[in-house]
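Inspection log for the structure reproduced underneath, given as structure tokens.
In what follows, chains carry the letters A, B, and so on, assigned in the order in which the sequence lines appear, proteins first and then strands, with residues in each chain numbered from 1. Hydrogens, waters and symmetry mates play no part in the numbers below; they use all other heavy atoms, side chains included.
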2 protein chains.
Amino acid sequence: MVQSCLADRLGRYLRLGDTERRALGALEESERLVSRGQVLRAEQAPARELFVVRRGWLYSSMLLPDGNRQILSVHLPCEFAGDTGMAWGNAPFTLVAATDAVVGVIDKAALRRLFAEHPRLGLLLYTLAQAERVALADRLASVGRTSARARVAALICDIMRRLRAGGEAVEDGIPLPLTQEEIGDATGLTAVHVNRMMRQLVEEGVIARSNGRVRILDEAQLAATANHIDRFATIDTGWLGS
Amino acid sequence: MVQSCLADRLGRYLRLGDTERRALGALEESERLVSRGQVLRAEQAPARELFVVRRGWLYSSMLLPDGNRQILSVHLPCEFAGDTGMAWGNAPFTLVAATDAVVGVIDKAALRRLFAEHPRLGLLLYTLAQAERVALADRLASVGRTSARARVAALICDIMRRLRAGGEAVEDGIPLPLTQEEIGDATGLTAVHVNRMMRQLVEEGVIARSNGRVRILDEAQLAATANHIDRFATIDTGWLGS
DNA sequence: CGATTTTTTGACAGTATTCAACGGGGGTGG
DNA sequence: CCACCCCCGTTGAATACTGTCAAAAAATCG
């Protein structure tokens, strides 16, 4: 069996037993490759499955009637993607590959057995879904109540810390494979203004950029201008039990 | 046993058996009263429980370091409140009573038994949590990518339709017990601008107002200016099984 | 290496915020 | 029961931030 990315991530929150690990590994029934820019699943397309990112980045977005797009979240390795659509037969959001990527495919009906046989994992999934709601709420607060500069900083800070939580080395910079237009769609700004704000962050010595990578020069400063709270660092799943 | 508000709401999505109903009823161990404006639970306060709104409205909000506030969602009768905090020992958000209200209290540890004994309900809760994520994503798109007028319209439209889904008569208007400042904090606008936008919606004949109530004169128009999609109307939980 | 996409820059426009002041309604205390 | 006060809603004027439009430079892709 392929090493389960999902089990690794859940293992960060709970000490998993062998049966649990196996059950999680068995969830992903197949694998799919998508290349940068490709749509993995379009809004409104029939959707019976959810995905686990194995390699690369995806993002989910929705299109407004006036042609505007909102990027709702970026999905990094070992995270779910498309799991929000479980309550519908058709996908609420579009899933796009931000880089070349590989995803594991889970039929949502397979979750029935997981919840029945491993209630503790079910509860963990539920708890993490709630944590994702909190993360989305943080983004809402960022977009609704902070300046353009803060929003851009928040995006970078959030991604950097999630990469680090995933075990990636971030000291010599992180990849940022999003165009400024995509960053704008994520933060509720125009591409032009994203450019100005990133440039400003560079001038202030908070970050540095070179060919698609961002290096954080002053994390404290970045987090401060972003109003960023590292919520995932304080997650407590002790009450989930044995 | 008191009629369980929670069981009623879950019953909208799944035909519940008697044992299931009983199990849901047993979750809420006590009841608490809060009066308009009162804080049910403050951000960062220790939090072992979640709530079910029995009567009245609540909202959850977070405070930014600069003093700004973002209202994250409004909780109507029979909905959860504070369930997002499950992954932490301390509450991520503040819960405030928007009107005098009554809530049922659920210790989060009680969910362990529910998930173990009624996996189908666990899966339903998980699915509905995902649906809430989608609702929040819709709000993010509204705040990030639409005009002030559209955001105000979206808030009204959303609440109206959720009240209707809850079985309330909305034809002769709905209550809107939020100050314009609160509406601003929910939509990412200033109170002053909320005032102008509501006034504009009135002038255009989309809504009418009288002492704390709003009557929707042209729902199609309202939904159109709001870019509103009634996602909860199309929820499909058939795959959850027997 | 040519074509296309992305980034960068400047000038200008527009939407929403800020600041300030006034009116109304409801609740509280005398 | 009335007066007072505070909060909320309303309005106007000036400001500021972000968006729009346009064009050129730079980078990426095939």
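- To the nearest 0.5 Å, the span separating CG on B/Leu50 from CG on B/Asp107 amounts to 8.5 Å.
- Residue B/Arg196 places a side-chain atom within donor-acceptor reach of the base of C/dT18, judged by atom type and a 3.5 Å distance cut-off alone.
- One atom, CG of B/Leu178, and another, P of D/dC8, lie 12 Å apart when rounded to the nearest Å.
- Dashed line: the shortest gap from a side-chain N or O of A/Arg149 to OP1 or OP2 of D/dT18 is not under 4.0 Å.
- Both A/Gly212 and A/Thr146 lie near DNA chain D, and the one whose nearest nucleotide falls closer to the 5' end is A/Thr146.
- Ion pairing of B/Asp83 with A/Arg133 is present here, as a side-chain N (NZ or NE/NH1/NH2) and a carboxylate O approach within less than 4.0 Å.
- Counted by atom type alone, B/Thr94 and B/Glu43 present one or more donor-acceptor pairs between their side chains at under 3.5 Å.
- Using a 4.0 Å heavy-atom cutoff across all strands shown, B/Arg151 reaches no nucleic acid atom at all.
- Between the P atom of D/dC6 and the CD atom of B/Glu181 lies a distance of 17 Å, rounded to the nearest Å.
- Results of the salt bridge (charged side-chain N to carboxylate O under 4.0 Å, His left out) test with B/Glu79 over B/Arg55, B/Arg54, B/Arg12, B/Arg162 single out B/Arg162 as the only residue that passes.
- One can place CZ of B/Arg199 at 18 Å from P of D/dC8, the figure rounded to the nearest angstrom.
- Ranking D/dT11, C/dT8, D/dG19 by closeness to the A/Gln180 side chain, first place goes to C/dT8.
- C/dT7 atom P lies 16 Å from atom CE of A/Met197, rounded to whole Å.
- For B/Arg36 and C/dG26, the CZ to P distance is 15 Å, given to the nearest whole Å.
- Taking 4.0 angstrom as the limit, B/Asn195 places none of its side-chain polar atoms (N or O) nearer than this to OP1 or OP2 of D/dG9.
- Ion pair A/Glu204/A/Arg149 flagged as a salt bridge, since at least one NZ, NE, NH1 or NH2 atom sits closer than 4.0 Å to an Asp/Glu carboxylate oxygen.
- Residue contacts for B/Gly37: at a heavy-atom cut-off of 4.0 Å it reaches no nucleic acid atom on any strand shown.
- Atom NE2 in A/His193 sits roughly 14 Å away from atom P in C/dT9 (whole-Å rounding).
- Here the P atom of nucleotide D/dT18 and the CG atom of B/Leu189 are 14 Å apart, to the nearest Å.
- In this structure, the CZ atom of B/Arg145 is 7 Å from the P atom of D/dG19, given to the nearest Å.
- Among C/dA16, C/dG10, C/dT7, the nucleotide with an atom closest to any side-chain atom of A/Val192 is C/dG10.
- The side chain of A/Asn211 sits closest to D/dT28 out of D/dT28, D/dG19, D/dT10.
- Listed nucleotides C/dT8, C/dT6, C/dA16 differ in distance to A/Arg209; the shortest reach to its side chain belongs to C/dT8.
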